[in-house]
Amino acid sequence: MDLLSDLTPEQRAAVTHIDGPLLVLAGAGSGKTRVITRRVARLLDSGIAPENILAITFTNKAAGEMRERIEALAPGSRVWVGTFHGFCARLLRSYARLVGIEPGFTIYDQADRLRAVKDVLEQLAGDEARVTPERVESAISRAKNDLVTPQALRRRARDEDEGLTAKAYAAYEEKLRACSAVDFDDLLVHVVRILKENPDVRASLDGRYRYVLVDEYQDTNLAQYAIVRALSVDHPNLCVTGDPDQSIYGWRGANLSNILEFEHDYPGCRVVKLERNYRSTKNILSAADQLIRHNRDRKPKSLLTENPQGAPVNLTILARETDEAEAVAAKIAGLVREGEYNYSDVAVFCRMTALTRPIEQALRSARIPYQIVGGVSFYERQEVKDILSYLGLMANPKDDLAFARVVNVPARGLGKTSLDHLVKAARDRGLPLLAMARQADQAEGLKDKAVRGFRDFARLVDELRALCDHPAEEVIRQVLERTNYPDYLKANSDDKGEDRLANLDELVSAAHEFELEHPESQVHDFLADITLASPIDRWDEQTGAVTLMTLHAAKGLEFPVVFIVALEEGLLPHSRANNNDKELEEERRLLFVGITRARRELYLSRSRIRTFRGQQQATFPSRFLDELPLDEMEMNDRSGISDPQYPPPRGNGSGSWTRRPDAYPAPRSSPGGFRLTTAAQLSGSGGGPASPADLDALRPGVTVIHPEFGMGRITAVDGAGPRRKGTVAFATGQSRTFVLAMAPLKPLVRTGGTGPARSG
DNA sequence: GGGTCCTACATTTTT
DNA sequence: TGTAGGACCC
């Protein structure tokens with residue numbers, strides 16, 4: 001086919017560029033994927049060998065799609081397309097020895113890493129540690145992505161906690177080495193080291209991968225930058241594509257300056273800007289544009305489209321998250337009933353996976369098929385992880401983490417005490433746990449029964465290990481059979497047993513599929529593939545179901561109809577991102593990404609009250625709503641209550657549609673809605689001084705209104721009688737304590753309910 | 001050692 | 001709301 005005829009001049013410029021660095025700044029929906037794949041086809045057309053091309057994408061799914069498209073344009077060409085992590089894993093299998101690790105290394109995922117950090121912290125500081133394992137874990141990850149060594153982190157440490165973190169980092173590294181394991185970030189870090197310390201290897205890889213393409217370049221971190229740089233010295237035929245406005249992985253170490261400084265890093269590079277949007281309606285694009293303009297740390301850019309105006313963007317306010325979910329479900333049902341869309345045309349995005357639950361429920365009861373992307377991934381389920389740990393231990397006998405996980409699963413009478421003795425003995429001798437288990441009779445303090453147990457277990461694993469070069473599917477079947485795992489599951493899981501057995505079946509068929517695709521593979525290849533898989537890789541757009549996912553997962557996708565829910569302060573922007581402008585701008589970009597996924601219709605919503613962590617809480621509208629072109633939008637408030645008065649978080653904001661200054665509420669009731677009631681009214685005592693009954697309504701968990709501070713929630717009460725005090729956390733972030741009998745606090749209750757809203 | 005119950009706890013996003 | 005870890009009892 002003609003690779004150029006249907007392209008715009010800009011797209012054509014990018015596609016026809018062959019040698020030298022190329023930066024493609026591609027706005028949302030500007031046909032970027034098409035440009036990249038065409039360019040690869042064009043490279044192949046011009047006689048460049050497929051093995052000289054390396055294409056890096058953000059997810060395996062994107063890689064698969066690109067591979068397919070390239071295959072369609074240039075059949076039979078075997079271009080390597082994959083993620084940074086996949087590429088590095090492969091490279092590391094060949095060059096492991098250069099950084100002192102074994103080629104059969106195991107890849108630890110985040111849960112494994114957290115487990116390892118916990119072990120290390122306990123060993124280092126016992127119960128004394130003042131830093132949480134989670135914080136240490138993320139600090140280690142951050143350090144690695146920034147190419148900071150344990151020594152450097154130690155030198156940098158300013159206080160005791162940072163010192164302990166650095167120490168834990170060093171100990172963690174040792175532990176991984178002893179287990180012959182690497183974590184996600186190590187895949188990158190080790191490759192950086194290989195490239196840095198071995199000029200010959202670097203030169204040969206640079207020569208091999210003469211044409212490098214990196215997609216989503218705005219989300220690369222320092223380690224990834226270093227890899228790309230090292231592969232583009234002798235042959236700087238590097239093409240990167242991305243959009244600074246869509247950078248949403250800063251928390252993972254992504255460095256926006258990689259793309260902003262590209263022209264500086266690669267002098268003489270060609271820059272192509274793709275600004276025309278082919279995806280969305282004018283209305284949707286206008287919303288995206290107005291929003292993203294509020295980012296100050298940004299190169300101004302216009303978003304243009306020749307697409308029709310389209311329907312106005314819709315913003316709906318509901319009373320509670322269940323109402324919101326039902327409204328979404330009802331709207332979806334209506335759209336499909338009208339015949340214009342299928343379920344698979346629709347996606348619902350939210351900030352956190354935890355927010356999907358009410359949506360799921362509503363979709364279920366409306367009998368709308370859906371699939372959820374993310375959340376607890378299939379491979380993180382306990383039963384799956386157990387079996388995978390057996391495989392891991394078979395493939396890598398030094399994997400102490402896997403050993404500890406399964407040595408007593410199913411129960412073999414090897415509890416904590418026995419394991420502690422074994423660990424100590426192994427540590428003294430510098431042996432892996434499996435090796436120590438084989439000679440458990442030499443470990444101090446073990447009872448005969450435990451010695452026998454460990455040796456039996458070691459024998460079992462050794463026997464299984466003999467099967468290591470068999471197909472993964474068969475290995476899994478053998479593990480299940482020889483460990484009696486299915487029986488153990490049946491005995492130990494009450495009503496979930498069926499589900500869990502089904503998960504094991506699914507694991508077997510996953511292994512089978514892998515086997516078909518990679519006939520030559522070994523168990524550790526299967527494990528690596530699983531570990532490096534992302535939730536979105538399992539997503540199938542063909543199933544005829546509504547898609548439910550986080551805004552992060554939505555990157556790179558598009559849907560005719562998009563819903564974005566829970567546009568509330570604390571959720572979007574997330575409360576953890578509230579501290580500085582940088583994080584706040586990333587949150588804004590996140591919403592921008594969500595909005596620009598929509599092709600024809602966009603529905604935004606928020607709920608006035610949200611139950612989170614089992615607690616009802618009044619919410620405030622996301623500040624981002626005020627940044628949208630509200631006059632062009634269609635808005636309806638179906639909550640049946642109006643906003644209370646509250647001090648705007650910043651600026652004056654008054655007069656805007658989302659912040660109604662008038663509203664200390666004339667109680668208004670609507671079926672199933674809310675009204676605001678005073679404690680006095682509740683108890684029927686009609687507005688006099690608070691009676692004991694009034695005070696009874698003011699309990700922890702109850703949402704209240706204060707005329708000055710706005711909505712809040714009672715977090716604690718203290719004392720009794722007239723001097724009883726209550727602490728209220730207000731939605732503005734401040735917390736205050738009042739004498740309940742005196743304070744003008746009013747509980748928010750459900751119409752027709754029997755009493756104040758209660759927690760739990 | 002192992003199972004059960006309870007409490008305390010945290011809680012973003014993901015390769 | 002969920003879960004991970006601790007206390008307790010068999």
Side-chain angles (χ1 to χ4, degrees), chain A residues 56-63 82-89 107-111 113-115 118 122 127 132-135 138 141 144-145 182-188 216 219-221 223-224 247-254 321 349-355 357-358 373-377 379-380 382 408-420 447 449-450 453 491-492 494 528-537 549-555 566 570-578 583 586-587 589-591 593-594 610-617 701 759-760:
Chain A
I56 305 234
T57 57
F58 199 70
T59 63
N60 293 299
K61 177 160 179 62
T83 63
F84 269 108
H85 290 84
F87 172 66
C88 289
I107 303 172
Y108 280 174
D109 67 14
Q110 192 174 1
R113 173 155 72 190
L114 186 58
R115 182 71 257 162
K118 279 181 183 166
E122 190 175 333
D127 298 336
T132 65
E134 286 79 9
R135 288 195 65 143
S138 79
S141 177
K144 288 187 174 184
N145 283 314
V182 303
D183 64 26
F184 276 140
D185 306 316
D186 283 335
L187 291 169
L188 308 175
E216 308 284 6
D219 280 323
T220 51
N221 59 37
Q224 291 164 334
S247 163
I248 54 176
Y249 282 90
W251 51 274
R252 208 167 88 183
E321 76 282 351
F349 302 150
C350 54
R351 179 65 177 81
M352 303 180 278
T353 45
L355 295 172
R357 224 175 37 231
V373 177
V376 183
S377 123
Y379 296 110
E380 286 163 18
Q382 191 175 355
N408 204 29
V409 177
R412 300 187 173 87
L414 301 169
K416 174 130 173 49
T417 326
S418 301
L419 187 57
D420 282 348
K447 297 201 169 116
K449 183 169 155 262
N492 285 281
D494 23 85
D529 190 71
I530 283 174
T531 311
L532 296 178
S534 68
I536 190 130
D537 299 337
M549 58 169 71
T550 64
L551 287 161
H552 281 88
K555 186 166 83 152
L571 294 175
L572 190 69
H574 193 273
S575 52
R576 296 266 283 241
N578 235 339
E583 288 174 350
E586 183 157 312
E587 295 288 307
R589 289 195 294 267
L590 199 49
L591 179 56
V593 166
R610 185 166 297 274
T611 308
F612 194 54
R613 260 156 57 189
Q615 304 258 284
Q616 263 193 55
Q617 186 134 27
S759 63

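Chain letters run A, B, ... following the sequence lines, proteins first and then strands; every chain starts at 1.
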Whole angstrom is fine here: how far is it from [atom1] in [X] over to [atom2] in [N]?
X      : N      : atom1 : atom2 : value
A:R135 : B:dC9  : CZ    : C1'   : 16 Å
A:R113 : B:dT15 : CZ    : P     : 13 Å
A:L590 : B:dT14 : CG    : C1'   : 12 Å
A:D109 : B:dT15 : CG    : P     : 11 Å
A:R252 : B:dT12 : CZ    : C1'   : 13 Å
A:R115 : C:dA4  : CZ    : P     : 10 Å
A:Q110 : B:dT12 : CD    : C1'   : 11 Å
A:L571 : B:dT13 : CG    : P     : 11 Å

For A:Y108, check ring-ring contact (aromatic ring centres under 6.0 Å, His included) against everything at least two apart and list the hits.
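Listed in chain order: nothing, the list is empty.
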Would you please name every residue forming a ring-ring contact (aromatic ring centres under 6.0 Å, His included) with A:Y249, sequence neighbours left out?
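Expected list: A:F58, A:W251, A:H552.
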Hey, which of these two, A:D185 or A:F612, hits DNA chain B nearer its 5' end, going by closest nucleotide?
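Looking at the nearest nucleotide for each, A:F612 comes out on the 5' side.
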Between C:dA4, B:dT14, B:dT15, which nucleotide has the shortest distance from any of its atoms to the side chain of A:H85?
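Within the option list, the nearest is B:dT15.
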Among the nucleotides C:dG2, C:dG5, B:dT13, which one has an atom lying closest to any side-chain atom of A:W251?
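Selected nucleotide (nearest to the side chain): B:dT13.
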Using a cut-off of strictly less than 4.0 Å, decide whether [X] has a side-chain nitrogen or oxygen near OP1 or OP2 of [N].
X      : N      : value
A:T353 : B:dT13 : yes
A:R357 : C:dG2  : yes
A:T531 : B:dT15 : no
A:R351 : B:dT12 : no

Detail all sub-3.5 Å separations between protein N/O atoms and N/O atoms belonging to nucleotides 1-5 of chain B.
| from | atom 1 | to | atom 2 | distance (Å) |
| --- | --- | --- | --- | --- |
| B:dG1 | OP1 | A:S418 | N | 3.4 |
| B:dG1 | OP1 | A:S418 | OG | 2.5 |
| B:dG1 | OP2 | A:T417 | N | 3.4 |
| B:dG1 | OP2 | A:T417 | OG1 | 2.4 |
| B:dG2 | OP1 | A:G413 | N | 2.5 |
| B:dG2 | OP2 | A:N408 | ND2 | 3.1 |
| B:dG2 | OP2 | A:G415 | N | 3.4 |

Upstream residue (5' side of DNA chain C) when A:K118 and A:T611 are each assigned their closest nucleotide:
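With A:K118 and A:T611 compared, the 5'-side residue is A:T611.
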Might you point out which heavy atoms bring A:G594 and A:L551 nearest each other, and give the distance in Å?
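Taking A:G594 first and A:L551 second, the nearest heavy atoms are CA-CD2, 3.6 Å.
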With sequence neighbours left out, what residues match [X] under side-chain contact (heavy atoms from CB on, under 4.5 Å)?
X      : result
A:C88  : A:L187, A:L188, A:V191, A:I227
A:R115 : A:K118, A:D119, A:L401
A:N60  : A:T83, A:D537
A:T611 : A:E321, A:Q616

Quick test: give all pairs of protein nitrogen or oxygen and nucleotides 7-10 of chain C nitrogen or oxygen below 3.5 Å, distance rounded to 0.1 Å.
none

Pick base, sugar-phosphate or nothing for A:F84, based on heavy-atom distances below 4.0 Å to the nucleic acid.
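Nothing: the residue A:F84, judged by heavy atoms under 4.0 Å, touches no strand.
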So, the side chain of A:D420 versus the backbone of A:T417: is there a donor-acceptor pair under 3.5 Å, distance only?
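Between the backbone of A:T417 and the side chain of A:D420 there is no qualifying donor-acceptor contact (under 3.5 Å).
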Can a donor-acceptor pair be found, under 3.5 Å and without considering hydrogens, that links the side chain of A:D109 to the backbone of A:T531?
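Absent.
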Euclidean distance for P, C:dA4 against B:dT13 (whole angstrom)
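One P to the other, the span is 15 Å.
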Considering residues at least two apart in sequence or located in another chain, which fulfil the side-chain hydrogen bond (donor to acceptor under 3.5 Å, both in side chains) criterion with A:R252?
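A:R252 satisfies side-chain hydrogen bond (donor to acceptor under 3.5 Å, both in side chains) with no other residue.
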